[in-house]
Amino acid sequence: MMLADPSKKYRRMYQRVDLPDRQWPNNEITKAPIWMSTDLRDGNQAIFEPMDMDQKFKMFQMLVKIGFKHIEIGFPSASQIDFDFTRKLIEENHIPDDVYIEVLVQARDHLIQRTFESLVGAKRAIVHIYNSNSPTFRQKVLNVDVEGARQLAINAAQKVKQYAAQYPETEFIFQYSPECFSATELEVAKAACDAVTEIWEASPENKVILNLPATVEVSGPNVYADQVEWMHRNLLRRDGVIISVHCHNDRGCGIAASELAIMAGADRVEGCVFGNGERTGNVDVAAIALNMYTQGVAPHLDFSNINEIIATVEECTGLPVHPRHPYAGDLVFTAFSGSHQDAIKKGFEFQKNEEIWDMPYLPIDPKDLGRDYDAVIRVNSQSGKGGISYLLESNYNVVLPRRLQIEFSQVVQQVTDEQAKEVSAQDIWTLFKDTYVAAKDAHYSAKNYKLSDENGNQVIELDIEVNGEVQHLRGEGNGPISAILNALQLPIDVLNYEERSIGSGANAKALALVELQVKGTGKSAFGAGVHDNIVTSSIEAIIACTNRLIEQGVLSTDQVIAAAV
């Protein structure tokens, strides 16, 4: 079966741009744009199970920590949880003074009113209205003509201005999006935008955001750049406008389109940290920011601990970051080819600290992202790692996290090199336990514990042996893991925690896998626990991991003793 004749089914969905003197091809990106994260709105509405309040708050805290100053937090007029989340951030004073929260609302009167009710008491906020002006939406969705679509934008802009006047304590920025901009006639999009900026009195002292979205990517990135440059050169009140772009990835060109749009005059980029979003996703902000970074341009976003960011995004969205994801994937710095491995080894011999980074196959220094050369840049073959993973999964039902797969494959490789013989599944499982489970008794160990529930929280009391002395600890948390960590009082965070069942029936055991990171160091380690009881295996995994951090020299026994005492 072959694809149908495209000329009989499809047509060009965008207007050709008459721009013979286009300037963007000769421009370079020399500074970072304003970044706007839409992870909590566009990203959230594109996952199987939308985030709950705790997940949204954890994601918000992460976005603030990365350095976003514009954060779209939801659609409070359409979702009660988004309304409640907006109120939580404002009433509990979680919004830094230099951060604008942004809320989206359709160009409808009652929704605009509800939106402003959600923002009462906010110091700074962006109110974002939108309506489509494209031919498809005018004819098939809205049933209006060009003037009717423009009038929708005018009415909404007037309502926003009227409601904002009732809340003088809040510093508002107004934003308008001609939805499906890239599939709209440029003169039509311009007319709607100019009408809105006139109502909002856009000026250098009163900036208005005009967002020009590729709601559906219908052209190559060069066409989108032409469209943005045309608007940049023809908009009225341009000195009072922040041009923003919001690219989706339907053709796989979202990153290129956004970068060319910056060259074409865009001041602001909207997207999700790792490109989550409707259909094929929003643009990947981390990739654009790190693309700039590798060209010597400061992105003003902090991805120096990318593993922690990945763990948070995966936990909150339930979506995995692909192992080949630009910059973030677990395998992007991994060389499987012998020639690649040889070139990287030789490159490291020449690469000196404080020098310009210039390495074969590595466009960015993994350490800039908090990655370790030994743990990430592998020198064993793909089949070695794949074979180890297959034997553990098929014989013991153990599926290791990818970073642990990479690390443990090096442990197995060292043994096979030393012994010069094949290892069995049992040999691999024994080596795994010797490396990650037996560490539970290396420096300090748990003797017994009691877990109880008090006022909805988990409380743990446990005895820890340190240097031959038993100390009694107590901790409280929203679950056993947080209770254990609070009892230990060590400067460690959980990057990843997973549970597995080994065996079946009466012989089944619980396997707990944990990755802990010492705060402020970027250093992490894995530990595992195996027991009939999952809480016991979790305690043993945390202790084993902590002991391994001591072995690595990033956590001292003095810290452990002080915490125990």
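No experiment lies behind these values; they were computed from the predicted model shown.
Looking only at side-chain heavy atoms (C-beta outward), Leu392 and Ile428 come within less than 4.5 Å of each other. Under the 4.5 Å side-chain criterion, counting only non-hydrogen atoms from C-beta, Ile542 is in contact with Ile481. Proximity of Met59 to Thr317: side-chain heavy atoms (C-beta onward) are separated by under 4.5 Å at one or more points. For the pair Phe408/Phe526, no side-chain contact is recorded, criterion being any heavy-atom separation below 4.5 Å from C-beta on. Using a 4.5 Å heavy-atom threshold, the side chains of Glu270 and Asn282 count as separate. Residues Leu555 and Pro491 meet the side-chain proximity criterion, which asks for heavy atoms closer than 4.5 Å. Counting heavy atoms from C-beta on, the side chains of Lys440 and Ser445 never come closer than 4.5 Å. At least one side-chain heavy atom of Leu549 sits less than 4.5 Å from a side-chain heavy atom of Leu516.
Heavy-atom contacts from other residues, nucleotides or ligands closer than 6.0 Å to NZ of Lys523 number 12 or fewer. In the displayed structure, Gln80 atom CD is contacted under 6.0 Å by more than 12 heavy atoms of other residues, nucleotides or ligands. Residue-environment remark: CD (Gln426) stays at or below the threshold of 12 foreign heavy atoms within 6.0 Å. The environment of Glu314 atom CD is dense: over 12 non-hydrogen atoms of other residues, nucleotides or ligands sit within 6.0 angstrom.
For the residue pair Glu498 / Asn496, a side-chain donor-acceptor distance below 3.5 Å is found, with atom types taken as modelled. Side-chain contact annotation: His531 with Glu540, donor-acceptor N/O pair under 3.5 Å absent. In this structure, a donor-acceptor pair under 3.5 Å is absent between the side chains of His443 and Asn547. Side-chain contact, Asp330 with His325: no donor N or O sits under 3.5 Å from an acceptor N or O. Inspection of the Asp493 and Gln517 side chains reveals no N or O donor paired with an N or O acceptor under 3.5 Å.
With sequence neighbours excluded, the residues forming a salt bridge (Lys or Arg N to Asp or Glu O under 4.0 Å) with Asp532 are Lys509, listed by chain and number. For Tyr396, the ring pair (Phe, Tyr, Trp, His ring centres under 6.0 Å) test picks out Trp429, with sequence neighbours left out. A search for salt bridge (Lys or Arg N to Asp or Glu O under 4.0 Å) contacts involving Asp82 returns Lys56, not counting sequence neighbours. Checked against side-chain hydrogen bond (donor to acceptor under 3.5 Å, both in side chains), Glu72 has the following partners two or more places apart in sequence or in another chain: Thr38, Arg41. Considering only residues two or more places apart in sequence or on other chains, Glu551 meets the salt bridge (Lys or Arg N to Asp or Glu O under 4.0 Å) condition with none of them. Residues passing the salt bridge (Lys or Arg N to Asp or Glu O under 4.0 Å) test with Glu499: none are found, sequence neighbours excluded. Applying the side-chain hydrogen bond (donor to acceptor under 3.5 Å, both in side chains) test to Ser537 and every residue at least two apart in sequence or in another chain returns nothing. Partners of Gln458 under the side-chain hydrogen bond (donor to acceptor under 3.5 Å, both in side chains) rule, at least two apart in sequence or in another chain, are Asp453. With sequence neighbours excluded, the residues forming a side-chain contact (heavy atoms from CB on, under 4.5 Å) with Lys65 are Glu308, listed by chain and number. Under the rule for a side-chain hydrogen bond (donor to acceptor under 3.5 Å, both in side chains), the partners of Asp97 that lie at least two apart in sequence or sit in another chain are Lys123. His300 is linked by a ring pair (Phe, Tyr, Trp, His ring centres under 6.0 Å) to nothing, counting only residues two or more places apart in sequence or in another chain.
Under the 3.5 Å distance criterion, the side-chain polar atoms of Gln405 are matched with a main-chain donor or acceptor of Leu400. The backbone N or O of Ser482 sits less than 3.5 Å from a side-chain atom of Asn486, completing a donor-acceptor pair. At least one donor-acceptor pair closer than 3.5 Å links the side chain of Thr280 to the backbone N or O of Asn249. Without hydrogens or angle criteria, Trp35 side chain to Pro299 main chain gives a donor-acceptor distance under 3.5 Å.
The aromatic ring centroids of Tyr327 and Phe303 lie 6.0 Å or more from each other. The aromatic ring centres of Phe57 and His94 sit less than 6.0 Å apart.
A pairwise comparison of heavy atoms in Leu119 and Thr170 identifies O-OG1, 4.2 Å as the closest pair. Closest approach of Asn478 and Asn457 over heavy atoms only: CA-OD1, 4.1 Å. Residue Lys69 comes nearest to Asp98 through the heavy atom pair NZ-OD2, 2.7 Å, listed as atom of the first residue, atom of the second, then distance. Closest heavy-atom contact between Asn397 and Ser501: ND2-O, 3.0 Å. Smallest separation of non-hydrogen atoms from Leu301 and Ala289: CD1-CB, 4.2 Å. Across every non-hydrogen atom of Leu473 and Ala487, the tightest pair is CD1-O, 3.7 Å.
One finds the OH atom of Tyr497 at 12.5 Å from the SG atom of Cys545 (value rounded to the nearest 0.5 Å). Within the model, atoms CG of Leu404 and OG of Ser409 stand 9.5 Å from one another, a figure rounded to the nearest 0.5 Å. Atom OG1 of residue Thr312 and atom CD of residue Gln55 lie 11.0 Å apart, to the nearest 0.5 angstrom. Taking CD of Gln552 as the start and CD1 of Ile550 as the end, the distance is 10.5 Å to the nearest 0.5 Å. Atom CG of Leu451 and atom OH of Tyr449 lie 7.0 Å apart (nearest 0.5 Å). Here the CG atom belonging to Leu485 is positioned 8.0 Å from the OG1 atom belonging to Thr546, to the nearest 0.5 angstrom.
Sorted by first then second residue, the ring-ring contact (aromatic ring centres under 6.0 Å, His included) pairs that include residues 68-88, not counting sequence neighbours, are His70-Tyr100.
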Take Ile29 and Asn291 through the side chain to side chain contact (heavy atoms under 4.5 Å, CB included) test and state the conclusion after the steps. CA-CA 10 Å; Ile29 298 175; Asn291 284 350; over 6 Å; no
Assess whether side chain to side chain contact (heavy atoms under 4.5 Å, CB included) is satisfied between Ile309 and Phe274, documenting all intermediate values. CA-CA 10 Å; Ile309 297 171; Phe274 293 128; 3.8 Å; yes
Test side chain to side chain contact (heavy atoms under 4.5 Å, CB included) on Phe350 and Asp358; report intermediate values, then the result. CA-CA 9 Å; Phe350 284 90; Asp358 183 17; over 6 Å; no
Side chain to side chain contact (heavy atoms under 4.5 Å, CB included) evaluation trace for Ile464 with Ile543: CA-CA 10 Å; Ile464 296 289; Ile543 292 175; 3.9 Å; yes
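Using a 4.0 Å cut-off between a side-chain N of Lys or Arg and a carboxylate O of Asp or Glu, Glu465 and Lys447 qualify as a salt bridge.
For the pairing with Glu407, the salt bridge (Lys or Arg N to Asp or Glu O under 4.0 Å) check across Arg371, Arg548, Arg402 returns one residue only, Arg548.
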